[in-house]
> 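Before I ask anything, let me first share the structure, which is written out below as structure tokens.
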Amino acid sequence: MKVLLTALNAKYIHSSLALRSLKAYADPEGKYTVIREYTINNRVEFIVSDIYKEKPDYIGFSCYIWNIELIRLIAARLKKVLPDTVMVFGGPEVSYDGRGFIENNAFADIVMKGEGERTYKSLLELWTGQGCIENIKGIVYRKDGNIYENENAEPLPLDDIPFVYDNADEFKNKIIYYETQRGCPYNCQYCLSSVEKGVRYLSEERVKSDLKFFLDNRVKQVKFVDRTFNSSHEHAMMIWKYIMENDNGVTNFHMELTADIMRREAMDMLKKARKGLFQFEIGVQSTNENTIGAIKRNAKFGGITDVVKTIAEGGNIHQHLDLIAGLPYENYESFGRSFNDVYALEPQQLQLGFLKLLKGSGLRRDAEKYGIVYTDEAPYEVLYTKEMDFDHMLRLKGIEEMVETFYNSGKALTAVKYAVKHTGNAFGFFEALAAWWEKNGFDEVSHSKMELYGRLYDFFCRYEKTADCLVELRELMRFDIYLGDNMKSIPESLERKMSEEERAFERDFYNDAENIEKYIPSLSSYSPKQLLRMCRIEFFDIDPFTAERGKTAVLFNYYNRDIILNKADTAVVRKE
């Protein structure tokens, strides 16, 4: 007998924790279970043929809003070529209404409801001749032309589920997902976790044993899938402390936090963490109090602000703040205020997302009440609301693209921040940039990195609110270019030719042992000729760190990069 468990991940770098957890609990030796992972970018024909070649007796699909439409296509086609193969579906996209999924999809035989480990083990026992389907908890199933729904399975103690990883090499170029808790204490109406009651945690002994594997194997990144990582102060502190005490200097840990419940004890300890050790994702969603009340977020923006600023003071933790467009009581102007509020905190990432009406969520149930209209097909994204029409939603889509392209990517970040500071309105700046971008058709074509810089500077030249600071913006864009890469050529509009005296200064700089010891001691073993290739000295007509006028020479060290921003290390080596 063969069971093939499969997932369609959003990207190649992602991996499926769910499939591995099912296998680890129910079939740890892999006697019956094989796992196949694909991405939503793979061709349907390829996935179908690859699964067909395995000739499985049972196929289990892991279903989410980002892959369910493709899974329907794939499963329907597989059922035609493998008519005797039993098709099983699990995951949040089918779990809430398993009966409806089977009724509307002739290829579906079984839906697993809720957590799947215990249910999958019972199914394996059934398929190997033990028990009967009527007694298996946590499933909806088709039998003799009828559909039956069994009672839910009881949640497992998390320590009963084995650690799912045994070979770190398998994830060398992928993100590793890990959970230490299930459930969420909050009742956010856009989230499926709101339907769960209570939170279960892994034991301290088990967590430390699991983390040791990641640290010993020096994996690149571990992303916690815990819905609210710091829902228990003691649990979070235990994990942070263990990671800091056993830091391998390489691994990064990503956690999703609720900021306003962070205690001073935690923030004081986290300031001592290695730069780049932790990465925090903090959901703000909106700063409109009526909106926060409607979605039962129960988080005051003032409390979030204090925590984000305190963490930022340490300069060692990457912070990612989220906003959601399309929530109740948030119109275009209100969203602009929320955007400016969050932008003012200067997070490393500002995620502008759009509301998804998930099956089983409170907002989906109350969509008519709030005048929320959304797509019929997954991911059920908001089209417009009572307060925000479709025209404004489209504008926000353009703003989202500009934020991703020029803020979250880090491209031209110094120049963009200066322009926003000069204009005094972050939302207004990105709104104007998005409108200009669309007007010129740039939203319809792909761009090289240097084309993006050139077009942004072109916008600066045409945007009246930046007309009196073009010198600063041009120099800051040059600074941004060299901060990211040691480029051989840059857009002509941003070029500045070095004088012979400036070239001589750069050559002589690397021949002076005192300079090397002062500015780049970690590269002291390299020859001047090698240093010319590993570093760069560029002259600017302003000080790029203060934007004050005056010729300034900056050293870019590409072999010592900022861990959080992935930018070259820099130092002012001459100022006139």
Side-chain angles (χ1 to χ4, degrees), residues 1-7 16-37 51 54-64 71 75 78-79 82 84-103 105 107-164 179 181-183 192 195-198 200 202 206 225 359-360:
M1 185 190 75
K2 180 187 287 188
V3 183
L4 188 147
L5 301 180
T6 188
S16 174
L17 175 61
L19 300 188
R20 289 172 174 81
S21 189
L22 295 181
K23 182 174 181 289
Y25 179 79
D27 188 15
E29 296 180 0
K31 186 176 180 181
Y32 306 109
T33 309
V34 295
I35 290 175
R36 291 289 182 271
E37 293 183 84
I51 293 176
E54 293 284 342
K55 299 294 195 299
D57 302 287
Y58 306 87
I59 303 176
F61 296 91
S62 182
C63 304
Y64 296 84
I71 282 176
L78 282 168
K79 196 66 172 178
L82 294 171
D84 297 326
T85 297
V86 175
M87 303 286 181
V88 185
F89 301 83
E93 177 52 24
V94 299
S95 182
Y96 178 74
D97 183 19
R99 177 179 290 272
F101 186 80
I102 291 183
E103 286 175 349
N105 296 282
F107 51 77
D109 298 304
I110 299 173
V111 168
M112 296 166 58
K113 303 185 295 178
E115 296 179 11
E117 288 88 358
R118 178 175 280 165
T119 301
Y120 180 55
K121 186 172 184 178
S122 298
L123 285 172
L124 281 184
E125 291 169 352
L126 171 71
W127 296 335
T128 53
Q130 306 170 57
C132 59
I133 196 167
E134 290 80 7
N135 295 331
I136 296 177
K137 294 182 179 180
I139 63 169
V140 182
Y141 61 98
R142 190 192 304 274
K143 183 178 180 182
D144 299 328
N146 297 311
I147 298 173
Y148 303 91
E149 184 168 0
N150 295 351
E151 64 180 299
N152 293 337
E154 298 83 4
L156 283 167
L158 291 194
D159 276 31
D160 287 358
I161 303 171
F163 184 57
V164 305
E179 68 177 347
Q181 57 182 273
R182 286 185 182 176
L192 275 183
V195 303
E196 300 177 34
K197 305 301 178 186
R200 289 167 289 144
L202 277 178
R206 171 62 186 279
V225 297
K359 291 179 179 177

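None of the values given here were measured: they were computed from a predicted structure.
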> Kindly indicate whether the side chain of Arg206, heavy atoms from C-beta on, has any atom under 4.5 Å from the side chain of Phe163.
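Answer yes - side chains close enough.
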> Are Lys143 and Tyr148 in a cation-pi contact, defined as NZ or CZ under 6.0 Å from the six-membered ring centre and within 45° of the axis?
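No.
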> Using 30° and 60° as the class boundaries, would you call the ring planes of Phe89 and Phe61 parallel, tilted or perpendicular?
parallel
> Just wondering, more than 12 heavy atoms not from Lys31 lying within 6.0 Å of its NZ?
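Open.
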> Using only atom types and a distance under 3.5 Å, with no angle test, would you say the side chain of Thr85 pairs donor to acceptor with the backbone of Lys79?
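Not at all, since once roles are kept as given, no pair shorter than 3.5 Å links the two residues.
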> Is the shortest side-chain heavy-atom distance between Met87 and Arg142 below 4.5 Å?
no
> For atom CD of Glu134, is the number of surrounding heavy atoms from other residues, nucleotides or ligands below 6.0 Å larger than 12?
yes
> Flag the pair Asp57 / Trp127 as yes when at least one side-chain heavy-atom distance between them is below 4.5 Å, and no otherwise.
no
> Please report the interatomic distance OG(Ser16) to CZ(Arg36), rounded to the nearest 0.5 Å.
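Reported to 0.5 Å precision, the distance equals 13.5 Å.
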> For the pair Ile161 and Glu115, evaluate side-chain contact (heavy atoms from CB on, under 4.5 Å) and give the outcome as yes or no after the intermediate values.
CA-CA 11 Å; Ile161 303 171; Glu115 296 179 11; 5.5 Å; no
> Taking all non-hydrogen atoms of both residues, which atom of Pro28 and which atom of Ala24 are closest, and how far apart?
CB-O, 3.5 Å
> Could you give the distance from CG (Asp97) to NZ (Lys113), rounded to the nearest 0.5 Å?
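Between Asp97 CG and Lys113 NZ, I get 10.5 Å after rounding to 0.5 Å.
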> Output the distance between atom CD1 (Ile147) and atom CG (Asp109), rounded to the nearest 0.5 Å.
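Answer rounded to 0.5 Å: 10.5 Å.
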> Distance-only, no hydrogens or angles: does the Ser95 side chain make a donor-acceptor pair with backbone N or O of Gly114 under 3.5 Å?
yes
> After noting the C-alpha distance and the side-chain angles of Leu123 and Met112, does the key distance pass the side-chain contact (heavy atoms from CB on, under 4.5 Å) rule?
CA-CA 10 Å; Leu123 285 172; Met112 296 166 58; 4.2 Å; yes
> Taking C-beta and beyond as the side chain, do Ser21 and Glu117 meet within less than 4.5 Å on heavy atoms?
yes
> Counting C-beta onward and ignoring hydrogens, is there a side-chain heavy-atom pair between Arg200 and Pro155 closer than 4.5 Å?
yes
> Could you grab the distance from atom CE of Met1 to atom CG of Leu124, nearest 0.5 Å is fine?
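Rounded to the nearest 0.5 Å, the CE-CG separation comes to 5.5 Å.
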> Would you check if Leu202 and Asp159 make a side-chain contact, meaning some heavy-atom pair closer than 4.5 Å?
yes
> Just verifying a value: how many Å separate Leu156 CG and Thr119 OG1, rounded to the nearest 0.5 Å?
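Those atoms lie 8.5 Å apart.
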> Would you say Thr128's side chain and Glu125's backbone share a donor-acceptor pair under 3.5 angstrom?
yes
> Could you tell me which non-hydrogen atom of Leu19 sits nearest to which non-hydrogen atom of Ser62, and how far apart they are?
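Closest approach of Leu19 to Ser62, heavy atoms only: CD2-CB, 3.9 Å.
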> Between Thr33 and Tyr120, does the side-chain contact (heavy atoms from CB on, under 4.5 Å) criterion hold? Intermediate values first, please.
CA-CA 11 Å; Thr33 309; Tyr120 180 55; 2.7 Å; yes
> Go through it in stages, so that I can follow the logic: the residues are Ile35 and Leu22, the test is side-chain contact (heavy atoms from CB on, under 4.5 Å), and I'd like the CA-CA distance, side-chain angles, deciding distance and then a yes or no.
CA-CA 10 Å; Ile35 290 175; Leu22 295 181; over 6 Å; no
> Which pair of heavy atoms, one from Lys121 and one from Tyr25, lies closest together, and at what distance?
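Closest approach of Lys121 to Tyr25: CD-CE2, 3.7 Å.
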> Kindly give the heavy-atom pair with the smallest separation between Asn150 and Ile136, and that separation in Å.
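The pair with the smallest heavy-atom distance is ND2-O, 2.7 Å.
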> Which pair of heavy atoms, one from Leu82 and one from Pro56, lies closest together, and at what distance?
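Between these two residues, the closest heavy atoms are CD1-CD, 4.2 Å.
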> Report yes if some heavy atom in the side chain of Val140 is under 4.5 Å from a heavy atom in the side chain of Phe101; otherwise report no.
no
> Please find the pair of heavy atoms, one from Glu154 and one from Arg118, that lie closest to each other, and give the distance.
O-NH1, 3.0 Å
